[in-house]
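Take a look at the structure set out below.
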Amino acid sequence: MSVGGVDPSILRELSGVYKPFIKAFKELVSNAYDADATEVLIEFADDFTSATITDDGNGMSPFEFRCDFTRIGGSSRKWSMERTPKKKRRRIGNKGIGFLALARYCHRMIVTSSSPRQFDLSHSVEETSPPIDIVDILGVPIDPQLLRKVCRFKVTQSGKRQEIDATSYELNANTGRLVFKENIGQVDIAITIDCSNLGFHATLDFDRLLKLADSADLEKLSDFVLIEVRELQQKTSGGTTVAIEGLKSFVKHELRAGRRKGFVRNVASRSGFEQVEWHLSRCTPIGYATAPVQAEPLEVFLDDASPPTLGRLTLRHVNSESELTRPLYPFEPDAATLHNDMITKVDINEGGLIAKGFVLGYENVVFPAEYRGVSIRVRGVAIGDPTFLGAEFLLTGAHKAALSQITGEINVLEGLDAVDAINPGREGFYEESRDFLTLRRYFRGDGEKVGGYLGRTIDAVLKRSQARSSLNSTLSRAAYIRRAMDDVSAGITHLMTEGGKQARAIRDMLKSNQSHPNGLASAKPAGIDVPNKVAGMAVNQASRQSEAATIDYEKKQVTIDVSRPEWDNGIMLFKRRFDVIHRLGTAIQPIAEIDFRQDRILINWGHAAKSQMDERGFLRTALAWVLARTAADGDADQMMDIAITLLSFTTQPND
């Protein structure tokens with residue numbers, strides 16, 4: 001069959017637009033969607049040498065196959081705003097690339113289809129002599145006898161409305177030529193073909209096409225399609241089967257690849273066929289998976305934002321069969337908890353652009369990594385991979401790191417679907433598109449500062465991150481201070497059990513009831529105890545909680561379990577308990593004081609030595625110094641011995 005012709009330079013360009021294989025293959029699913037299909041079945045051969053996609057859509061007549069399916073660029077403008085006849089879907093396939101999407105991935109494509117729709121064609125001729133070759137006009141090889149059964153004609157003289165009597169001409173059943181009894185000059189011929197009992201089987205020979213492209217200069221390539229038009233035993237209801245045969249070796253290698261060894265976390269680590277299944281689920285016009293309980297808040301957004309979809313897309317290989325649904329990160333079984341304050345609703349309606357969906361932030365990094373970014377769907381089809389629309393190049397530090405914790409989904413319901421808005425391979429948008437600029441402005445703002453929906457989500461991620469970090473620092477600080485007191489307490493017990501001069505000195509000290517404060521008691525609190533606020537949120541104190549601390553982001557409150565050991569400011573010195581009081585004294589006041597009357601030890605966090613060590617080291621030094629000095633009672637050597645023992649003793653041997 002002679003098709004419209006393909007320029008070699010265009011062939012080389014367009015046949016490489018879709019990379020990798022799965023992005024070219026998904027175009028067959030889009031074709032089925034455009035054909036009003038409800039159910040689509042994809043079957044891969046056991047050895048991955050071929051694949052077949054069958055749909056229950058409207059199908060094609062052999063003439064539609066020639067005029068639309070095999071015509072490069074011919075349908076782009078024609079269908080850009082047209083809806084499908086039955087389900088009134090906005091068409092996906094308006095890029096005009098058609099069969100070339102798979103030309104680099106297989107040796108041939110075989111299309112079998114039929115359609116009950118009649119085919120109409122108008123044609124003008126200068127003279128009715130010699131006979132007019134109708135098969136040549138149609139461009140589809142069809143048996144003349146079959147053509148005579150299904151073809152009707154209406155002939156009028158050009159410029160006149162009066163129809164010429166049908167007895168003046170006849171279709172020759174042997175040659176397929178329309179023969180007139182006399183030459184009546186220039187005529188207009190309206191051809192109508194009843195396709196209700198016609199089917200076809202066509203083979204597009206990609207090997208031949210590419211070979212022609214390599215050897216041709218600037219000639220049109222057309223001689224690469226074989227077609228058989230046949231009469232069906234009963235009227236057709238439509239439907240199409242497309243088989244791609246002789247998949248190239250690199251495609252088979254990808255499909256046969258096994259899972260990477262070890263823990264498989266990202267989609268890229270799964271087997272080749274599992275990757276195909278996942279990518280088909282993500283980039284084709286199918287419905288969403290059922291939301292689990294933790295992601296139910298998203299169902300409202302999805303119901304409001306979902307474009308029309310296929311009823312069922314089934315993938316089959318060997319003994320496995322799965323019905324595909326569109327996955328989202330929050331629908332994954334091991335997805336992190338979704339919090340209301342991390343959900344940003346997308347709702348755009350400006351200048352003909354209508355887009356809805358959501359952007360989600362999480363407390364942890366999103367895995368699989370392929371979910372990171374926001375997927376943008378036009379007419380149900382994903383445009384490229386998930387994206388941040390360039391925000392990643394504007395951000396630095398923690399703001400850029402937060403992108404690994406963000407995912408989302410935006411469905412463009414109107415706008416951004418014209419030929420001049422989306423590039424041929426559907427890998428992205430043309431930045432000159434007004435609708436795209438509107439989408440980007442809402443999504444990430446204008447200028448060098450990231451704002452919009454993405455900016456709000458980043459702020460929510462960082463707010464939680466900062467709050468957790470601040471709370472962890474507060475809890476770690478309390479634990480470190482507790483450790484310092486435990487170390488000194490254990491050191492005193494060690495000295496007492498060892499006996500000797502140092503033990504007697506400590507025993508005598510612990511019998512004292514005198515007070516030795518020198519002003520620290522009246523100094524300001526040092527703020528070492530439970531804080532009033534953490535990351536700007538009010539702190540509530542509680543007891544016997546299941547967790548050391550919790551954060552209520554909606555109420556902006558932090559609850560800390562103060563009944564845990566790290567918040568106990570008491571220190572046991574052998575058999576006597578003292579409260580450790582933290583004060584902010586001056587740099588020249590003592591590092592610590594002991595009040596035996598009230599059983600308390602005052603620590604001066606304003607002392608000059610504080611700047612030379614961390615908090616745990618400083619507290620141990622202050623406690624060791626005041627206890628050694630008091631117990632030694634003026635004996636410098638004994639004071640040093642006690643202090644060194646207390647400073648070197650630890651409850652954690654690896655410290």
Side-chain angles (χ1 to χ4, degrees), residues 25-42 53-99 101 111-121 193-196 198-200 202 235-242 280 283-288 305-314 324-326 352-356 377-383 411-422 424 426 435:
F25 187 77
K26 73 177 175 61
E27 291 301 300
L28 299 180
V29 180
S30 296
N31 288 346
Y33 175 90
D34 285 347
D36 275 330
T38 300
E39 297 188 3
V40 177
L41 171 63
I42 299 172
I53 177 168
T54 304
D55 68 64
D56 63 351
N58 299 326
M60 294 179 284
S61 71
F63 313 101
E64 291 169 331
F65 170 76
R66 180 186 184 276
C67 295
D68 296 327
F69 188 87
T70 63
R71 184 175 295 276
I72 303 303
S75 63
S76 59
R77 291 293 177 183
K78 172 185 174 184
W79 285 353
S80 60
M81 298 301 293
E82 185 179 323
R83 293 182 182 268
T84 59
K86 290 184 179 179
K87 299 185 179 298
K88 306 303 178 184
R89 296 168 176 166
R90 296 287 295 275
R91 292 184 184 274
I92 297 169
N94 63 357
K95 306 309 292 181
I97 297 177
F99 65 91
V111 182
T112 304
S113 188
S114 59
S115 170
R117 294 184 299 277
Q118 73 177 28
F119 178 74
D120 297 304
L121 179 67
I193 299 179
D194 179 4
C195 300
S196 59
L198 288 184
F200 73 92
K235 290 188 176 183
T236 179
S237 59
T240 301
T241 297
V242 178
L280 276 175
C283 66
T284 51
I286 56 177
Y288 289 97
S306 296
T309 61
L310 292 169
R312 178 181 297 173
L313 176 60
T314 305
L324 304 186
T325 54
R326 184 166 176 81
L353 175 69
I354 300 177
K356 297 185 179 184
R377 303 180 82 183
V378 177
R379 298 181 181 181
V381 173
I383 306 301
N411 283 297
V412 177
L413 304 179
E414 295 288 343
L416 270 177
D417 52 9
V419 178
D420 56 358
I422 304 173
R426 297 194 180 92
D435 287 343

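In this chain, residues are counted from 1 in sequence order.
Note that the CZ atom of Arg377 and the CZ atom of Arg426 stand 13.0 Å from one another [nearest 0.5 Å]. In this structure, CG on Asp68 lies 11.0 Å from CG on Asp34, to the nearest 0.5 angstrom. Atom CG of Leu198 is separated from atom CZ of Arg117 by 12.5 Å, given to the nearest 0.5 angstrom. Atom-to-atom distance recorded for Glu64:CD and Cys67:SG is 8.5 Å, nearest 0.5 angstrom. Note that CZ of Phe63 is 5.5 Å distant from SG of Cys195, once rounded to the nearest 0.5 Å. The distance from the NZ atom of Lys26 to the CD1 atom of Ile92 is 8.5 Å, given to the nearest 0.5 Å.
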Could you walk me through whether Arg312 and Ile286 satisfy the side-chain contact (heavy atoms from CB on, under 4.5 Å) test, starting with their C-alpha distance in whole Å, then the side-chain angles of each, then the deciding distance to 0.1 Å, before giving a yes or no? CA-CA 7 Å; Arg312 178 181 297 173; Ile286 56 177; over 6 Å; no
Step by step, would you call Asp56 with Glu39 a side-chain contact (heavy atoms from CB on, under 4.5 Å)? CA-CA 6 Å; Asp56 63 351; Glu39 297 188 3; 3.9 Å; yes
Check against side-chain contact (heavy atoms from CB on, under 4.5 Å), Thr54 and Val242: CA-CA 6 Å; Thr54 304; Val242 178; over 6 Å; no
Could you go through Thr284 and Leu313, starting from their C-alpha distance and side-chain angles, then the distance that decides it, and tell me whether this counts as side-chain contact (heavy atoms from CB on, under 4.5 Å)? CA-CA 9 Å; Thr284 51; Leu313 176 60; 3.7 Å; yes
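Counting heavy atoms from C-beta on, the side chains of Ser115 and Asn58 never come closer than 4.5 Å. Between Asn411 and Val378, every side-chain heavy-atom pair lies at or beyond the 4.5 Å cut-off. The closest side-chain heavy-atom distance from Leu324 to Thr314 is not below 4.5 Å. Between Phe65 and Thr70, some side-chain heavy-atom pair lies under the 4.5 Å cut-off. Considering only heavy atoms from C-beta on, Phe200 comes within 4.5 Å of Val111 through its side chain. In this structure, Val412 and Leu353 have side chains that are in contact, with non-hydrogen atoms separated by less than 4.5 Å. Counting only heavy atoms from C-beta outward, the side chains of Thr38 and Asp55 never approach each other to under 4.5 Å. With a 4.5 Å cut-off on side-chain heavy atoms, Tyr33 and Thr84 do not count as touching.
Summarising the geometry of Ala37 relative to Leu310, their closest heavy-atom pair is O-CD2, 3.4 Å, with the distance given to 0.1 Å. What you find for Ile422 and Leu416 is that their closest heavy atoms are CD1-O, 2.9 Å. Of all heavy-atom pairs spanning Ala32 and Val40, the tightest one is CB-CG2, 3.7 Å. Of all non-hydrogen atoms in Gly59 and Thr240, the two that sit nearest each other are CA-OG1, 3.4 Å. Heavy atoms only, all atoms of each residue included: Gly238 and Thr236 are closest at N-OG1, 2.9 Å.
Between Arg90 and Asp417, at least one side-chain N (NZ, or NE/NH1/NH2) sits under 4.0 Å from a carboxylate O, which counts as a salt bridge.
Because its NZ or CZ atom is not both nearer than 6.0 Å to the ring centre of Phe119 and within 45° of the ring axis, Arg66 does not count as a cation-pi partner of that residue.
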